[in-house]
Amino acid sequence: MSESARVPVEDRALVGAEDRLVVAAAKASHQRAVQAMELNRDAVAALQSENGGRSAIARVAQRSIPRWHFAMLNDAERNDALAVAVERQVRPGMHVLDIGSGSGLLALMAAQAGAARVTSCEANPILAEIARQVVAAHGMADRVEVVSAMSTDLVVGRDLPRPADVIVSEIVDCGLIGEGLLPTMRHARTHLLAPGGRVLPPSGRLHGALLESEVVAGFNRVTEAAGFDVSAFNVTATIGHFPVRLNTWPHRVLSAYEPLVDFDVQHGDLDDGTRRTTLHPETDGTAHGVVAWFEMDLGAGVVLRNSPDNVGSHWMQAFLPFDEPVAVRAHHAVDVEIRWQETQLFASVD
């Protein structure tokens, strides 16, 4: 019997549609690769011309560097908190590893705090070069080296003179883990940190509540538009959590904010996992998911939060959608499972 004969007739169209999507995804991936090659070709040609260098850099940067870097660097609360945390924990003579150079800000803070040597790594070559220029402009190139590489590719004795006494990194998204904090720090602690060394941030906690908001849920799900069924578009939906500036959109927070998950970045296993928690609705409603925010301990008594009432933070909140909306009643507890996998957060109701 053929494979197609074993598939029920009513499911054959679906199987065919899924197969066609796989093929289409492969074509889209190839198309993006071709576009990247064409962009590189145009950029090289512009760089070789007399007047095209800056515009070529801008075109490449717009494709490879997220715009949120500007909001992040202009977040005074974030910058001040990091500066205080680094100053309180870096001692003269230390070797500091900065993971994710960006503009070079954390590396400069570590050098200013007295580090004898700072190794700063950045995977994006443009950002790495910008960081080198920023460091040089502040006269710290003799103590700060920017390496254009992922931290997971660094080798002590080759890229670092010795294991780091302190590892600093602010690779954090709205849901704390979305930029790879857990796998990055898991590797760095094992391979790049000196015995007895410490990491910044040493820990973080997610808080969350049940959220009712068709608008927010609609940022990642659709059924019909102008009377037409366009639910096939949901195959492109974001997997896991996504950012939302909660106070911008119509919503109801149905329960009090309660702790969801604690991450021990300094000592925990940082593997994928799940936590069950109970949320307590204070009103009847329809929960479309969980809205979450982080409380990030930077060490030495310094804490950063992206709670909805902190409107000055450049970080938005994280929304963890349920597969389907859930009706809840006031004062009837709801058991929620929070799951995390590398860089993604998920929420489901038992």
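Numbers here simply count residues along the sequence, with the first being 1.
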Rounded to the nearest 0.5 Å, what separation is found between the OG1 atom of Thr184 and the CD1 atom of Ile171? 3.5 Å
Look only at the side chain of Asn306 and the backbone of Phe294, and say whether a donor-acceptor pair between them is shorter than 3.5 Å. yes
How would you list all residue pairs meeting side-chain hydrogen bond (donor to acceptor under 3.5 Å, both in side chains) that involve residues 75-94, not counting sequence neighbours? Asp75-His314, Glu77-Asn310, Arg78-Glu170
hydrophobic_cluster_shared for Val222 and Phe322, side chain cutoff 4.5 Å: no
Any chance CD of Gln112 has more than 12 other-residue heavy atoms, nucleotides or ligands included, within less than 6.0 Å? no
Given Leu298, which of Val303, Val168, Leu82, Val86 fulfils the side-chain contact (heavy atoms from CB on, under 4.5 Å) condition? Leu82
Kindly give the heavy-atom pair with the smallest separation between Leu254 and Asp284, and that separation in Å. CD2-O, 4.3 Å
Just checking His138: does its NE2 atom have more than 12 heavy atoms from other residues, nucleotides or ligands closer to it than 6.0 angstrom? no
So which heavy atom on Asp229 is nearest to which on Thr223, and how close? OD1-O, 3.2 Å
Atom CD in Glu282, atom CG in Leu210: separation rounded to 0.5 Å? 10.0 Å
How about Glu214: does its CD atom have over 12 heavy atoms from other parts shown lying under 6.0 Å from it? no
Does any N or O in the side chain of His241 come within less than 3.5 Å of the main-chain N or O of Leu345, such that one atom is a donor and the other an acceptor? yes
All heavy atoms of Arg245 vs all of Ser313, minimum pair found to be NH1-O, 3.0 Å
May I ask whether Ile126 and Val147 are part of the same hydrophobic cluster, defined by side-chain heavy atoms of I, L, V, M, F, W, Y residues being less than 4.5 angstrom apart, directly or through others? yes
Decide yes or no on side chain to side chain contact (heavy atoms under 4.5 Å, CB included) for Asp173 and Trp315, but give the supporting numbers first. CA-CA 7 Å; Asp173 80 328; Trp315 282 293; 5.5 Å; no
Is the number of heavy atoms from other residues, nucleotides or ligands within 6.0 Å of CE (Met150) greater than 12? no
Any donor and acceptor pair, going by atom type alone, linking the side chain of Arg143 with main-chain N or O of Ala115 inside 3.5 Å? yes
hydrophobic_cluster_shared for Leu304 and Met316, side chain cutoff 4.5 Å: no
Co-members of the apolar cluster containing Val291 [side chain, <4.5 Å]: Leu211, Val215, Val216, Phe219, Phe242, Val244, Leu246, Trp249, Val253, Tyr257, Trp293, Phe319
Starting from the C-alpha separation in whole Å, work towards a yes-or-no answer on salt bridge (charged side-chain N to carboxylate O under 4.0 Å, His left out) for Arg132 and Glu145. CA-CA 8 Å; Arg132 291 188 192 101; Glu145 180 184 10; over 6 Å; no
Go through Asp271 and Arg186 one step at a time and tell me if the side chain to side chain contact (heavy atoms under 4.5 Å, CB included) criterion holds. CA-CA 8 Å; Asp271 293 331; Arg186 186 170 61 232; 3.6 Å; yes
Look at atom CG of Asp262 and say whether more than 12 heavy atoms of other residues, nucleotides or ligands are closer to it than 6.0 Å. yes
Could you walk me through whether Leu182 and Trp340 pass the side chain to side chain contact (heavy atoms under 4.5 Å, CB included) check? CA-CA 10 Å; Leu182 302 186; Trp340 61 96; 3.9 Å; yes
Least distance between heavy atoms, Ser255 atom then Leu279 atom: OG-CB, 4.1 Å
Can you tell me how far the CG atom of Leu97 sits from the OG atom of Ser169, to the nearest 0.5 Å? 8.5 Å
To the nearest 0.5 Å, tell me how far Ser348 OG sits from Ile338 CD1. 7.5 Å
Would Leu105 and Met94 show up in the same hydrophobic cluster when neighbours are defined by side-chain heavy atoms closer than 4.5 Å? yes
Stepwise, does the side chain to side chain donor-acceptor pair (under 3.5 Å) test hold for His187 with Ser151? CA-CA 8 Å; His187 172 272; Ser151 64; 5.0 Å; no
Taking atom types as modelled, find out whether Ser307 and His207 have a side-chain donor-acceptor pair closer than 3.5 angstrom. no
Hey, quick one: are Leu127 and Met72 part of the same hydrophobic cluster, counting side-chain heavy atoms closer than 4.5 Å, chains of contacts allowed? no
Do you know the tightest heavy-atom contact between Leu73 and Ser103? CD2-OG, 3.4 Å
Please report the C-alpha distance between Arg339 and Asp272 in whole Å, then the side-chain angles of each, then the deciding distance to 0.1 Å, and finally whether the salt bridge (charged side-chain N to carboxylate O under 4.0 Å, His left out) criterion is met. CA-CA 8 Å; Arg339 179 168 61 92; Asp272 298 345; over 6 Å; no
Nearest non-hydrogen partners of Gly102 and Ala131, listed with the distance: O-CB, 3.7 Å
Hey, are Asp335 and Thr278 close enough side-chain-wise for a donor-acceptor pair under 3.5 Å? yes
Quick one, Ile177 with Thr343, criterion side chain to side chain contact (heavy atoms under 4.5 Å, CB included). Give me CA distance, side-chain angles, the key distance, then yes/no. CA-CA 5 Å; Ile177 70 169; Thr343 62; 5.5 Å; no
Does Glu224 use its side chain to pair, donor to acceptor, with the backbone of Gly227 at less than 3.5 Å? yes
